[in-house]
There are 2 protein chains.
Amino acid sequence: MTATIQDVAKAAGVSVGTVSRAMNNYPDISAKTRERILEVAKELQYRPNLVAKSLSSKHSRNIALILSGFLEDVMFNDFETMLMKGCYQFAIEHDLEISMHVINTRIQEEKSYEQLCYEHNIAGAVIFGLKNTDPYFKSLEESRKPCVTIDVEVSGENVSNVTNDHVAAFEELTQYLIDQGHRNIALVCGRKNAAVTAQRMEGAVNAMHRNGLELPKEYIIYTNFLKEEASAGVAEFIREHGKEGVTAFLCMSDMLAVGTIEALKGAGRRVPEDYSVVGYDGIYVTEYTDPKITTVDQNIKDKGYEAAHLLYDMIEGIRPAQDLILPHKLEIRGSVKKVDA
Amino acid sequence: MTATIQDVAKAAGVSVGTVSRAMNNYPDISAKTRERILEVAKELQYRPNLVAKSLSSKHSRNIALILSGFLEDVMFNDFETMLMKGCYQFAIEHDLEISMHVINTRIQEEKSYEQLCYEHNIAGAVIFGLKNTDPYFKSLEESRKPCVTIDVEVSGENVSNVTNDHVAAFEELTQYLIDQGHRNIALVCGRKNAAVTAQRMEGAVNAMHRNGLELPKEYIIYTNFLKEEASAGVAEFIREHGKEGVTAFLCMSDMLAVGTIEALKGAGRRVPEDYSVVGYDGIYVTEYTDPKITTVDQNIKDKGYEAAHLLYDMIEGIRPAQDLILPHKLEIRGSVKKVDA
DNA sequence: CAGTTTCCCGAAAACGTTTTTGAAAATGTG
DNA sequence: CACATTTTCAAAAACGTTTTCGGGAAACTG
């Protein structure tokens, strides 16, 4: 099979401990023997077994990316993938091992977060997709293993949160619509009791009130963040309220925007000529629709990178647990038309 | 910390070996002691350390998903993600551990596939995104660790390949266009020396010849599978050949179809009224464009599932290395118009 | 040059499991 | 009841590393 540390030791005429010291750049070894061992190691194409390393070593360079609901949600491939890319980017740059774990409710009930870490000798994790109904949501609070959640507020000694200022971002997005002259705006909402929904709602209402506008209850269309529900909701909306002068649809996600545009086109309306539509998230689909969708880019890849970064710093004791708010960016594409106020 | 097997052994008044036997359902243990041990284990919330398990155990339940070029290619989030989902699906169903490794050229030069397996105690891997210029492309041939490649033909004792019949599929797609009355068809091609390009080209030409049609060299637009290149190429094409009666664009990927449609719309043409367009792959974007793109669905999630399945069977000695050709499916959406022949 | 310090490195314990070996206990057989 | 067989389990080796401990050699000190 492949050479082990024993083989290298024998070939170099030293003890295994010395080989270990040579491989890991420890100080207490003479330059000469280190050279020789490194040479022999290269000769034998020796690669340390990371499993043994992980078992033996006190401090681990393994971090995890934990995904909840990965197999259930079929729609959002872009989000998780960009997040992964960000994490892997950081891991590669800092020579970390990263392992991915998809968890569902059953798995969460079976083993705690700490147990999962223990199972795999993991120093900490970036956790994505956690719902407030997930068992981990509560139990993380008392975790002794550090972790970083994405876009979900969990309090706890060892838990950080990386997110955007969704309130401000949505406020900005709403303000943009208003600046373009829109006064009667319908809101295509996400899941009623989701945290993100509440934040975005707050942003929308803030912007409207600041401009002396109201958001009538009838102008709120609730969905579960599903495109089809947005389509159905919007179709019904224009049947019932089509004559009331609404000029824009403010959607809580890009997917909802896609559904909204579909419904509008299905009803023979043009976007943005007849109705303006904006989305939220910045997933890559927004560039491929017609028209391209004006949205707020959360830059999820950076989020992944910064989450891994923060996790690493927590593990190393460089930074304490904290909330990190990353910048967002209004991406103006083609789905909004300026109207006369 | 968390309870180890020692703790369980002590609490149950037996040796660690016995605990191991109880946990793994070995036969040589009395039902009574097994019961008792399992109870104690649950009591202590014992979870075996998988790292130690992997190190100690002869046969491993760890498989890997190896992704080449994951961080480089920014465009195709859908493909890798669906593949992952398929693999994880199988892994969860069969209680396997799965680890994901992103490799680039540097990493491939640094360590061989076998070394990578050895490092992580991996029994075998599903490999995706391998280019014929990748170092692993050749070295896999002699690997003693089983592996399954996706959509790339590598010969070798222990390497399987899961793919679609791209020639037949593309032939079918082309035939569909012809059946709809199209006679003058332009081909939006992928990277010139890629294996997939050659296969699809073959399929296209087969179908055309069978119907007594020709594919003029000027009607072939080469790209590197990039949307922008397709846009540019098609824009130029209709400037130069717009008057020659071409009615359809046959694209080697969905992304190219998106680029093609973009260019056509940019030039004031309608799809499918003025030009029909078809894509290939079945990524989810095809459902979100306007019009929705008629394409061939490769069902990449199944591919991932079946690849993991085959890998598992190879490891267990149930199936030998082999090539697996999965069914594809023509997905008729809205980007093709019937014309009078 | 004797005593101290520093530098190297070998030996062995440790990480948490599985697996092999062998022996005691239980059961079966005639 | 003596012997053979089977069942059950304890003890210890093994997996491939890291890390601790300690000691001899070399290098300083006065």
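In what follows, chains are A, B, ... by sequence order, proteins preceding strands, each numbered from 1. Worth knowing before you read on, the calculation uses all heavy atoms, side chains too, and leaves out hydrogens, waters and symmetry mates.
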Using OP1 and OP2 only, check whether a side-chain N or O of S57(B) sits under 4.0 Å from dT19(C). yes

Listed by chain and number, what are the side-chain contact (heavy atoms from CB on, under 4.5 Å) partners of C147(B), not counting sequence neighbours? Y113(B), I127(B), L140(B), V159(B)

Any side-chain heavy atom of M84(B) sitting closer than 4.5 Å to one from L65(B)? yes

Could you list where the contact with chain B starts and ends along DNA chain D, reading 5' to 3', using a 4.0 Å heavy-atom cut-off? dT8(D) to dT17(D)

K53(B): which residues meet the salt bridge (charged side-chain N to carboxylate O under 4.0 Å, His left out) condition with it, sequence neighbours left out? none

Quick check for you: to the nearest 0.5 Å, what is the distance between I5(B) atom CD1 and N49(B) atom CG? 10.5 Å

Any base atoms under 4.0 Å from I29(B), or only sugar-phosphate, or nothing? Heavy atoms, all strands. sugar-phosphate

Take the C1' atoms of the five end pairs on each side of the helix from dC1(C)-dG30(D) to dG30(C)-dC1(D), derive the two axes, and give their angle rounded to 10 degrees. 40°

Which pairs with one or both residues in residues 122-145 of chain B pass ring-ring contact (aromatic ring centres under 6.0 Å, His included), sequence neighbours excluded? none

Holding to salt bridge (charged side-chain N to carboxylate O under 4.0 Å, His left out), I want the full list of residues that pass it with K111(B), two or more places apart in sequence or in another chain. E119(B)

Can you sort out the partners of E110(B) under side-chain contact (heavy atoms from CB on, under 4.5 Å), two or more places apart, ordered by chain and number? R47(A), R106(B)

side-chain contact (heavy atoms from CB on, under 4.5 Å) partners of R36(B), counting only residues at least two apart: A12(B), V14(B), T33(B)

Do the side-chain N and O atoms of N164(A) and K303(A) include a donor-acceptor pair separated by under 3.5 angstrom? yes

Whether F90(B) and H94(B) hold their rings parallel, tilted or perpendicular, with breakpoints at 30° and 60°: parallel

Within residues 5-16 of chain B: residues closer than 4.0 Å to DNA chain D (heavy atoms): G13(B), V14(B), S15(B)

Below 4.5 Å, heavy atoms only, C-beta onward: do K301(B) and L83(B) meet side chain to side chain? no

Going by heavy atoms closer than 4.0 Å, what residues in residues 35-52 of chain B are next to DNA chain C? Y46(B), R47(B), P48(B), N49(B), A52(B)

Have H120(B) and E97(A) got a donor and an acceptor in their side chains that come within less than 3.5 Å? yes

Between CG of N121(B) and CG of L50(A), what distance do you get to the nearest 0.5 Å? 9.0 Å

S54(B) near the nucleic acid: base, sugar-phosphate alone, or nothing, with a heavy-atom cut-off under 4.0 Å? nothing

For L44(B), side-chain contact (heavy atoms from CB on, under 4.5 Å) partners two or more places apart: A3(B), D7(B), V8(B), A11(B), V40(B)

Members of residues 17-28 of chain B that approach DNA chain C, where some heavy atom sits under 4.0 Å away: G17(B), S20(B), R21(B), N24(B), Y26(B)

Interatomic spacing from NZ in K138(B) to OG in S155(B) - rounded to 0.5 Å: 8.0 Å

